[in-house]
Number of protein chains: 2
Amino acid sequence: MGRGGVSAKDVAKAAGVSRAAVSRAFTPGASISAETRKKVMKAADTLGYQVNHLARGLIRSETGIVALIAAELATPYRSALLAALSERLQEAGKVAMLINSDRSDDSVERALRQAISYRTDAAVVLSGMPKTELTETCLKNGMRLVLINRDEYREGSYLIRLDDRAAGRTAFATLAAAGCRRLALATSQAGTPSLSARRDGFRDAAAAAGVEIVEEATGPTSYETGLSIGTRLMSQTDRPDGVFCTTDLLALGVMDAARHRFGVRIPEDLSVIGFDDVPQASWESYDLTTFSQPVGEIADACVDWLTGDAMSGDPLQTSIPVQLAWRGSVRKNQPF
Amino acid sequence: MGRGGVSAKDVAKAAGVSRAAVSRAFTPGASISAETRKKVMKAADTLGYQVNHLARGLIRSETGIVALIAAELATPYRSALLAALSERLQEAGKVAMLINSDRSDDSVERALRQAISYRTDAAVVLSGMPKTELTETCLKNGMRLVLINRDEYREGSYLIRLDDRAAGRTAFATLAAAGCRRLALATSQAGTPSLSARRDGFRDAAAAAGVEIVEEATGPTSYETGLSIGTRLMSQTDRPDGVFCTTDLLALGVMDAARHRFGVRIPEDLSVIGFDDVPQASWESYDLTTFSQPVGEIADACVDWLTGDAMSGDPLQTSIPVQLAWRGSVRKNQPF
DNA sequence: CTGAAAGCGCTTACAG
DNA sequence: CTGAAAGCGCTTACAG
């Protein structure tokens, strides 16, 4: 046994077979007799042998590693998606490499290069958008690429999208139907494709209905931003009585500002709709009506495609439906 | 260029040097002339060459991969720690492999085996406790082991602990000093070392003060459990007026149950102390007084040890101090 | 079904 | 400083 631990050679010697035999014993479907396999497995067990995936990955075209590239890992929604993804990946026999792309602007690119270095089977991009040039390099390296909620398309990659725009429209319709008269939209300055689409859907519907809306957009996508937006909104002389927030974190902040700083009642004085359905949205202090992002379905779609045969005729895009989770932050329309 | 992408051979040919030279160009401190290195780098750049870490890992004793083994990835505290860890690891030039150990009881062991398969430089265990036998195998394979907040010790591994027990005692003292008379302890049935230590500290202090306390312990460590514990606590004829929850999630649930289901005022009627200082604890709806887990410091200690020289004389254990974050959920003692 | 041999992409003594 | 050669641990045609 060398410094690298137990190797196939050790097992081969112990089992009295060739190195090739032990390799075959660990390869499902390889041509090996049941008896030989049994001998090998026994020796492997006593020696504590584990196939070296590094060496295997060097030969085979797959390493079993999938890179997960994301920013703001600790955010409720992001961490839920990451958890679902890593779990599904494991069930499929893969392993997740987590790459934080928080830092600089080029960090998605750096992350992708990192993935190439380890010859990951695939990269799943949750944040940011790599340059076409680089994604082509990935594809050329035999790597699969999944883009979750990105707006641009990249030849050969798989796109998973939610209908954010439709949700924005639904938010408007819901608030209008609840009898809200002065509508507001709260979003951050992050400018991600998802947030923009939600905003645009809301705007579109408002324009179509000939309704003027107030818009607030500042800072990062956080609770604190929601707090300051809520404060600004409630400080207006003509306070809005309905607000769509492009994210739950924002909505929760808006609610807290309205309630605790202005004594505004929800939903009596103000109706609020969020997006994501993070766990906190259903907590009793909030009871927020929001669009639920089906994290499990997204993860399933992703892993299915990654482990599937990916026939070239297959569609390279999937749309996951979002649903409005009705709770108590939107008032019921008064019956006349 | 083979199927595996651009290799050192391709770069060597393009730069007119040997394969060894390109290897040296990518090895800091290797004996190579500045001129040769420049030629290699240029060729590598145009060809888009990335050192294959799989192959490199096969030769060198390090792969640059660190396995992060944890359960309940999407929980606020856990995801914050994971985010800090992955960020620090990246800054140190390492990369994180995320292994979810949610599933079965043996999943920590499976995770460790997975880590061995990929010859990770180290494994950081955040949840569960692997058998001694297996940790020895890891160590024998040259893998370093970090255990965060585990109670048992494993020869050769590095332990990072918080003084949970002291925090439990402080919680008691704080509640007592606030003038609370009927004290309760709320915890889950998870039975992790950290939770038990916090509970024991609280119990000890109460016993030392000759004070009887009410204890509630059920379910998983979640907001929902907090809700049901809060409900049970407030349903008692002699309601407690001070409660220490071993986790913020539990505390938040207790607060919501008390306020929304029983109209109990916090802190006037009930003082609450949590543990973790998750982001939600400081949200305006809660303003929870809690012990802050210094996630950044934990991550720093972990990565420092992993990347350090680990002289055999070094202490293999570090205690990170926890601090009480004073907020509004504990009443100020009435001046006499 | 089985083993000897070649090769994946890299690094590292070994000579020069 | 530089290149030819050996070797890391594995898999996979190739014969038998």
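Just so it is clear: chains get the letters A, B, ... in the order the sequence lines come, proteins before strands, and each one is counted from 1.
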To the nearest 0.5 Å, what is the distance between CG (B/Leu306) and CG (B/Asp121)?
-> 8.5 Å

According to the interplanar angle, ranging from 0 to 90°, do the rings of B/Phe26 and B/Tyr49 count as parallel (below 30°), tilted (30 to 60°) or perpendicular (above 60°)?
-> perpendicular

Which pair of heavy atoms, one from A/Ala123 and one from A/Met143, lies closest together, and at what distance?
-> CB-CE, 3.5 Å

Length of the NZ-P vector between A/Lys38 and C/dC1, whole Å = 15 Å

Taking OP1 and OP2 of D/dC1, is either one under 4.0 Å from a side-chain nitrogen or oxygen of B/Ser33?
-> no

What pair of heavy atoms forms the shortest contact from A/Asp102 to A/Ala71, and how long is it?
-> OD1-CB, 3.3 Å

What integer distance in Å separates A/Tyr118:OH from C/dC8:P?
-> 22 Å

Are OP1 or OP2 of C/dC8 and a side-chain N or O of B/Ser7 less than 4.0 angstrom apart?
-> no

OG/A/Ser194 to CZ/A/Arg161 distance, rounded to the nearest 0.5 angstrom?
-> 8.5 Å

Nucleic acid contacts - residues 44-51 of chain B versus DNA chain D, non-hydrogen atoms under 4.0 Å = none

Can you tell me if the side-chain N/O atoms of B/Ser18 get under 4.0 Å from OP1 or OP2 in D/dT2?
-> no

Between C/dC10 atom P and B/Leu58 atom CG, what is the distance in whole Å?
-> 12 Å

Is it true that the side chains of A/Arg24 and A/Thr36 contain a donor and an acceptor less than 3.5 Å apart?
-> no

Answer yes or no: is there an ion pair linking A/Glu62 with A/Lys94, defined by an N-O contact shorter than 4.0 Å?
-> yes

Residues A/Glu152, A/Arg150: salt bridge by 4.0 Å N-O rule = no

With the criterion being N/O to N/O and under 3.5 Å, what pairs connect the protein with nucleotides 12-16 of chain C, and how long is each?
| from | atom 1 | to | atom 2 | distance (Å) |
| --- | --- | --- | --- | --- |
| C/dA13 | N6 | B/Arg24 | NH2 | 3.1 |

Rounded to whole Å, CG of A/Asn52 lies from C1' of D/dG9 at a distance of 6 Å

Taking pairs as Watson-Crick (N1-N3 plus N6-O4 or O6-N4) or G-U wobble (N1-O2 and O6-N3), each distance under 3.5 Å, the stems of three or more consecutive pairs with DNA chain D are C:1-3 with D:14-16, C:5-12 with D:5-12, C:14-16 with D:1-3

When the distance from CG of A/Leu54 to P of D/dC10 is rounded to whole Å, what number comes out?
-> 10 Å

Can you name the closest pair of heavy atoms from B/Ala115 and B/Ile99 and give their distance?
-> N-CD1, 4.4 Å

With DNA chain C as reference, determine whether B/His53 or A/Arg37 sits nearer its 5' end, using the nearest nucleotide of each.
-> A/Arg37

Which pair of heavy atoms, one from A/Val40 and one from A/Ala15, lies closest together, and at what distance?
-> CA-CB, 4.1 Å

Shortest non-hydrogen contact from B/His53 to B/Thr63?
-> CD2-O, 4.4 Å

Return the value, rounded to whole Å, for the distance between atom NZ of A/Lys9 and atom P of C/dA4.
-> 13 Å

Rounded to the Å, how far apart are A/Arg119 CZ and C/dG9 C1'?
-> 8 Å

